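Reckoned from all heavy atoms, side chains included, excluding hydrogens, waters and symmetry mates. Proteins get letters first, then strands, A, B, ... in listed order; numbering begins at 1 in each. Note that this is a predicted model, so its numbers are computed, not measured.
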Number of protein chains: 2
Amino acid sequence: MNNKEKLRKAGLRPTKQRMIIADILLDGVNRHFTAENLQNEINASGNSMSIATIYNCLKNFRNCGLIKQVESSKDTAIFDTNINQHHHFLDEETGELIDIENDEVNLRKLPKIPQGYLNNGVEVLIKIKKQI
Amino acid sequence: MNNKEKLRKAGLRPTKQRMIIADILLDGVNRHFTAENLQNEINASGNSMSIATIYNCLKNFRNCGLIKQVESSKDTAIFDTNINQHHHFLDEETGELIDIENDEVNLRKLPKIPQGYLNNGVEVLIKIKKQI
DNA sequence: CAAGTAGTTTAGAACGATTTTAAAGTAAAA
DNA sequence: TTTTACTTTAAAATCGTTCTAAACTACTTG
Ligand SMILES: [Mn+2]
Ligand SMILES: [Mn+2]
Ligand SMILES: [Zn+2]
Ligand SMILES: [Zn+2]
């Protein structure tokens, strides 16, 4: 399926701007990035785009499930092109995230989900620190 | 150990402002809160404090290990008085966090820590959604 | 296709959380 | 007590993100 079809299937009009971003993000390579990172890639590709459009687009892509947003205590939002359920290593010093594929983690015991709620995904975060 | 001793042991001068905050946060009750939540509690206790001081203090407390900061994709920092290793349920709709004690989770299999790094803590996040 | 309309992009303003500034105040050391 | 280093503060600044409203574009309908 090409990017135009992916956007249509997600319910998004394939505008010029969304296609530029889809060409960068939906190439099958998993990456973690910020809005500013993406703007730099857009510029490097010979295009340019308003930062408002980039934020709009990231929010739309996220809401449609084309990308995910990572839980992070940094003050800049971090997005993830790996939309499969997976886990992360986090170097808290640098903020670097490394993917852990879902089958590399196995949970033996999980707590009971609170009354009235459904399990909507389990994420494991392994904080790591550079050896001295 | 009283709060003055806790601050001293953490390497922080027990100033009036730090004592007011310690009296609220270090009472043994586990809670998740923002800087604004804390300012409201300070006001409710009949005191008042500059928001800059509150942020300074939260950063100091966190750096000394008296409190923790939660990984969160919300745009407001969330702190946690539960400094034991533990896990969370997260209702993504409301942002509500619920503690999961460490012994309620058991990991059968963990990935190899990347070369040159040390494991610095494992956190499990269970996203939950209100049943319809 | 032509016209209509609903959705999108944009620059710039606005916003909200957090940090910085620099001056006044306080705790600990000498 | 005097000195020194650290802390608090109000206000300004910063920075990521969202809003505004006007121009633009994709899709629909005839
Ligand atoms: Mn955050
Ligand atoms: Mn922010
Ligand atoms: Zn990832
Ligand atoms: Zn907690």
Check: If you check every side-chain atom of A/A35, which of C/dT19, D/dT17, D/dT9 has the closest atom?
Finding: D/dT17
Notebook entry, point to check: Taking the side chain of A/K59 as its heavy atoms from C-beta onward, which of D/dT18, D/dT17, C/dT10 lies nearest to it?
Noted result: D/dT18
Notebook entry, point to check: Can a side chain N or O of B/T15 be found less than 4.0 Å away from OP1 or OP2 on D/dC6?
Noted result: no
Next item on the list: Take the protein atom CD1 of B/I51 and the nucleotide atom C1' of D/dA10, then report the distance between them rounded to whole Å.
Entry: 13 Å
Checklist line | Short side-chain donor-acceptor distance under 3.5 Å, B/H86 and B/D99 | finding: yes
Next item on the list: Between B/Y55 and B/P14, name the one whose nearest nucleotide on DNA chain C is closer to the 5' end.
Entry: B/Y55
Note to self: I'd like to know if A/Y117 and A/L107 are part of one continuous hydrophobic network [Ile/Leu/Val/Met/Phe/Trp/Tyr, side-chain heavy atoms within less than 4.5 Å].
What the structure shows: yes
Check: Can a side chain N or O of A/T53 be found less than 4.0 Å away from OP1 or OP2 on C/dT10?
Finding: yes
Margin query: Starting the side chain at C-beta, find the nucleotide from C/dT9, C/dT18, C/dA6 nearest to A/R13.
Written below: C/dA6
Note to self: According to salt bridge (Lys or Arg N to Asp or Glu O under 4.0 Å), who are the partners of B/E92, at least two apart in sequence or on a separate chain?
What the structure shows: B/K127
Check: Roughly how many Å is it from CG in B/L12 to P in D/dA5, rounded to a whole number?
Finding: 19 Å
Next item on the list: Respond yes when some side-chain nitrogen or oxygen of A/Q17 is under 4.0 Å from OP1 or OP2 of D/dT25, and no when none is.
Entry: no
Check: Within this structure, what is the CE-to-P distance between B/M49 and D/dT8, rounded to whole angstrom?
Finding: 8 Å
Next item on the list: Using atom CG of A/L38 as one end and atom C1' of D/dG16 as the other, report the distance to the nearest whole Å.
Entry: 15 Å
Next item on the list: Nearest whole angstrom, please: distance from the P of D/dA10 to the CD1 of B/I54.
Entry: 11 Å
Check: Is any side-chain nitrogen or oxygen of B/R18 closer than 4.0 Å to OP1 or OP2 of D/dT7?
Finding: yes
Next item on the list: Write down the distance between CD (A/Q39) and P (D/dG16), rounded to a whole number of angstrom.
Entry: 11 Å
Next item on the list: Would you kindly give the CD1-to-P distance between A/I20 and C/dT9, to the nearest whole Å?
Entry: 10 Å
Item checked: Parallel, tilted or perpendicular, as decided by the 30° and 60° cut-offs, for the rings of A/H32 and A/H88 -> perpendicular
Notebook entry, point to check: Separation of B/R8 atom CZ from C/dA27 atom P, in whole Å?
Noted result: 10 Å
Item checked: Listed nucleotide nearest any side-chain atom of B/A52, set D/dC6, D/dT9, C/dA6 -> D/dT9
Margin query: Is there a continuous path of hydrophobic side-chain contacts, each under 4.5 Å between heavy atoms, that joins A/L110 to A/I100?
Written below: yes
